[in-house]
Amino acid sequence: MAGGLQNDDDELAESHEINVTPFIDVMLVLLIIFMVAAPLSTVDIAVDLPVSTAKAQPRPDRPVFVTIKADRSLALGNDPIPPAGLAAALDTATKMDRQQRLFLRADKSVPYGELMRLMDTLRAAGYLKVAFVGLEGPPVMPGASASAPAAPAAPAPNSNTPAPSTTP
């Protein structure tokens, strides 16, 4: 009986490989679900517009500030201007350079409609590069009340810093 006994170890050997195909399928389904759900979850984010946590951007040598005050009057730099004379005053301040960035400052109490009307006036005048100016503030913690922002301990030396630019 030289070869009468057979080695049954080969048939009983266990495979130690993980079948990753079901895991990949589950991950792809989750990826698709999150890709669809992510844009929908950003609709109801509370935003406190006057305070910006954006990193301060470098200021140009001669920035042009357009300000809309609480009483809805306009100012270019420190000089008050009538709304009808805004385009002419901007052309004078920028030396007809419509590619120059304007820095828009608005009081907290100014309605959004007034701000949009001013943006439309700037666009009609040919100024498309507009950056919003906000106060430097601490980052807002999730779940914090948007109606009561935290006050900074000490006023910043340059409290008006340009926020990232936008193009209407």
Can you name the closest pair of heavy atoms from [X] and [Y] and give their distance?
X    : Y    : result
G126 : R98  : O-CB, 3.5 Å
R105 : G77  : NH2-O, 4.0 Å
R62  : K95  : NH1-NZ, 3.6 Å
S73  : D71  : OG-OD1, 2.7 Å
L115 : A106 : CD1-CB, 3.9 Å
D107 : K69  : CB-C, 4.0 Å

Tell me whether the count of non-hydrogen atoms from other residues, nucleotides or ligands lying under 6.0 Å of CG in D25 goes above 12. yes
Do R72 and P111 touch side chain to side chain, with heavy atoms closer than 4.5 Å? yes
Is the closest side-chain heavy-atom distance between L122 and L90 below 4.5 Å? yes
Other ILVMFWY residues reachable from I24 by side-chain steps of under 4.5 Å: I18, V20, F23, L28
Can you list everything that forms a side-chain hydrogen bond (donor to acceptor under 3.5 Å, both in side chains) with D79? Sequence neighbours excluded, please. none
Sequence neighbours excluded, the answer for side-chain hydrogen bond (donor to acceptor under 3.5 Å, both in side chains) partners of R117 is E114
Please report the interatomic distance CD1(I81) to CG(L74), rounded to the nearest 0.5 Å. 5.5 Å
Return yes if a side-chain donor-acceptor contact under 3.5 Å exists between D91 and Y127, otherwise no. yes
Quick check on side-chain contact (heavy atoms from CB on, under 4.5 Å): which of L104, V110, V130, T67 does L118 satisfy it with? L104
